[in-house]
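Everything numeric here is computed off the predicted structure, so don't read it as measured data.
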Amino acid sequence: MNKEALIKLKQELSKLSDLEEEQRDLYLRQLLTGEMQGPLTGYASIDKPWLKYYTEEQIKTGMPKMTAYQYLYHQNSKYLGRTALSYYGRKISFNELFYRIEETAKALKAMGVKENDIVTISMPNTPEAVYLFYAMSKIGAVANMIDPRTSAEGIHKYIEEVQSDKVVIVDSYYNKVKPLSENGTVKQIIAVSPAESLPFGLNFGYKAKEFIESIKDSSKKNVFNEHTMDWKQFISQGKSYTKKTEAEFIPNRPLVIEHTGGTTGQPKGVILSNENINAVALQSVLTGIDMQREHNWLDIMPTFIAYGVGMGLHLPLTIGMETILIPQFDPKKFDELLIKYKPIHMVGVPSYFGTIINSKKLAKKDLSYIIAPTVGGDAMDITLEQQTNDFLREHNCSSKVVKGYGMTEVTGGVSGTVDENNEIGSVGIPFVKTTIAVFEPETEDELGYNEDGEICITGPNTMLGYFENQEATDAIIKRHADGKLWVHTGDIGHITENGSLYIVDRIKRMMIRYDGFKVFPSIIENVIGSHNAVEACKVVSIADSEHSQGKLPKAHVVLKDGFKPYQEQILQELQLLCAEKLPEYVQPVDYKFRDELPLTPIGKIDYLALESEDSHIKNKPSERVLKKTL
């Protein structure tokens with residue numbers, strides 16, 4: 001099919017109504033499963049080859065047209081006695097959850113929060129953070145989510161950017177926002193103790209420890225000013241509020257502002273709607289993964305990232321699962337959480353799973369209770385994926401690691417895997433109401449199957465835009481000739497004839513040498529990672545000091561325990577391995593062995609931190625050693 005014919009076909013398809021689009025998807029499914037015969041075009045956006053994995057019922061399922069709060073209530077109103085949240089042994093039923101949400105909604109209204117007002121929430125995974133999120137949805141306000149571990153300067157920037165004059169923050173970070181209340185930027189602060197919802201014994205112990213530490217070090221004692229109240233005072237002031245709290249559902253009303261991680265560029269505020277949050281949750285269910293009300297869910301991803309609020313929290317709660325809140329997750333203690341809680345479901349980033357495969361505490365443990373060990377938020381290299389699958393199988397888990405793909409701008413997730421399409425290296429198939437296609441970078445020219453290009457996404461998960469940054473919004477969301485709004489992800493990859501999506505690399509991570517050759521770091525990482533001594537590897541670009549422009553690859557390598565004394569020998573083996581497996585122009589020009597790779601607060605590899613270590617390279621030791629070895 002030539003370019004003109006393809007554009008014309010897409011324009012015709014864009015005229016279909018939602019119902020006609022659904023009927024077309026059902027017809028495509030029949031073609032793909034062999035129930036009917038007919039031609040396909042060879043283009044993913046039209047053929048949607050992934051539909052063969054979905055049932056007719058899944059394809060017909062509509063996305064919820066209601067607030068996130070309403071969807072939560074709709075799903076659980078008949079099961080109020082079941083446990084919704086578990087917090088260090090305290091069980092909170094759905095009945096109590098809805099009571100606390102209403103209580104929080106009244107307190108927000110009494111504090112003067114109106115529809116569409118922006119309230120900053122800087123909290124870990126505590127029950128109060130859950131109450132706040134759904135209360136904001138209920139009253140029609142917008143939650144500006146910030147990681148409390150962000151620097152004081154960063155928190156100030158995020159608050160001032162959205163002109164939020166009300167802040168809820170975990171009390172241990174209160175002093176970061178206190179100056180904003182003293183200069184008039186913030187009018188009211190609610191400082192919340194993580195102990196607020198702890199069982200009595202743990203609550204007493206936490207506060208006693210806090211008191212003793214404040215005596216030893218007075219700087220650790222919070223001194224609240226007149227603009228600040230604690231959680232009990234906040235809730236108490238809402239008891240006099242007697243008016244209705246629930247706002248009318250308005251399509252595309254902003255619900256949350258999530259800030260991009262900034263691991264490869266400048267962070268931006270992503271505006272997500274109630275429909276976005278509902279769509280990512282329901283489409284995750286429709287992948288076909290066995291997720292039931294009777295299951296439990298280990299919630300280790302914080303609500304101040306889209307992946308955490310949509311899939312880590314809203315997904316399990318709308319299914320009706322018992323959701324185990326972990327406010328301060330330590331990847332090194334992931335094994336202890338599995339032993340203690342025996343979670344059937346969980347979501348995390350790749351580095352979390354890297355910590356458990358060599359765990360001595362799990363060496364003889366039965367993990368057959370795990371149904372969906374899910375990873376997303378960052379690329380999982382092939383070696384770690386294979387090692388994780390081996391580990392799970394050896395511990396009686398019937399599932400391979402479940403992978404997904406997404407970004408903050410599409411509410412954290414747009415693809416997933418189930419057993420029949422869980423191919424090594426892929427990130428699964430698109431969600432049922434989502435279309436993913438590959439285009440020639442910086443164009444609308446769609447590429448065919450197995451051709452690498454820029455991954456673009458259209459569907460109900462698409463953000464409303466960046467907060468007050470139309471230029472940046474227009475740069476990432478583009479209306480194509482088919483009339484649809486496509487998110488240009490900046491990721492390079494391809495789609496197979498089966499509908500599986502493979503990520504090759506980030507466009508921003510791609511380096512261009514002085515001679516114009518393009519180098520994708522992930523290709524080098526996969527080769528180096530295949531060496532039996534390598535625990536982890538990440539490749540970043542460094543300036544080429546021998547030419548006026550151009551970048552060259554440098555490999556940062558973490559060795560497994562027991563191999564670290566043999567760095568010189570392993571260096572030579574890695575250089576030979578790369579010489580055998582990679583083209584000459586892709587060879588790393590430098591290697592650095594390190595104890596660990598730098599991570600962002602949520603566990604992603606911090607590429608900017610790695611790149612900042614080297615502004616340029618003055619010589620090429622790897623080439624010198626390579627010639628000597630050969």
task = Please check if the side chain of E20 supplies one atom and the backbone of S17 the other of a donor-acceptor pair under 3.5 Å.
result = yes
Hey, are [Y] and [X] close enough side-chain-wise for a donor-acceptor pair under 3.5 Å?
X    : Y    : answer
S273 : N252 : no
K581 : N526 : no
T411 : N461 : no
Y69  : E246 : no
R253 : N116 : yes
N450 : E497 : yes
E409 : Y466 : yes
E35  : T33  : yes
T434 : Q283 : yes
Y449 : D47  : yes
T150 : D147 : no
Q58  : T61  : no
Q23  : D25  : no
N469 : K268 : no

Nearest heavy atoms of [X] and [Y], plus distance in Å:
X    : Y    : answer
K403 : E423 : NZ-O, 2.7 Å
V504 : H494 : CG2-ND1, 4.4 Å
L16  : R24  : CD1-CD, 3.8 Å
K114 : A141 : O-CB, 4.0 Å
N421 : S426 : O-OG, 4.2 Å
V142 : P254 : CG2-O, 3.6 Å

Answer whether the closest heavy-atom distance between the side chains of [X] and [Y] falls below 4.5 Å.
X    : Y    : answer
F133 : V130 : no
S399 : P373 : yes
V270 : F467 : no
E294 : E322 : no
N276 : V280 : no
I257 : H259 : yes
E385 : T388 : no

ask   = Angle class for the H480/W486 ring planes (parallel below 30°, perpendicular above 60°, tilted otherwise)?
value = parallel
message = Can you tell me how the ring of F98 sits relative to the ring of Y73, calling it parallel under 30°, perpendicular over 60° and tilted otherwise?
response = perpendicular
key: Pair K65-N278, side chain to side chain donor-acceptor pair (under 3.5 Å): steps then yes or no   = CA-CA 8 Å; K65 297 185 185 304; N278 288 337; over 6 Å; no
ask   = Rounded to the nearest 0.5 Å, how far does OG1 of T417 lie from CG of N422?
value = 4.0 Å
request  = Nearest 0.5 Å please: distance from the CD1 atom of I7 over to the CG atom of D482.
outcome  = 10.0 Å
query = For the residue pair Y134 and H314, is the inter-centroid distance of their aromatic rings smaller than 6.0 Å?
reply = yes
Stepwise side chain to side chain donor-acceptor pair (under 3.5 Å) test for T489 and E454 = CA-CA 7 Å; T489 66; E454 184 176 18; 4.9 Å; no
task = In sequence, state the C-alpha distance, the side-chain angles, and the governing distance for V402 and V375, and then conclude on side-chain contact (heavy atoms from CB on, under 4.5 Å).
result = CA-CA 6 Å; V402 176; V375 63; over 6 Å; no
Residues I59, V432; criterion side-chain contact (heavy atoms from CB on, under 4.5 Å); working and verdict = CA-CA 6 Å; I59 292 172; V432 66; 4.0 Å; yes
message = Against the six-membered ring of Y79, is R293 placed for a cation-pi contact (under 6.0 Å from the centre, within 45° of the normal)?
response = yes
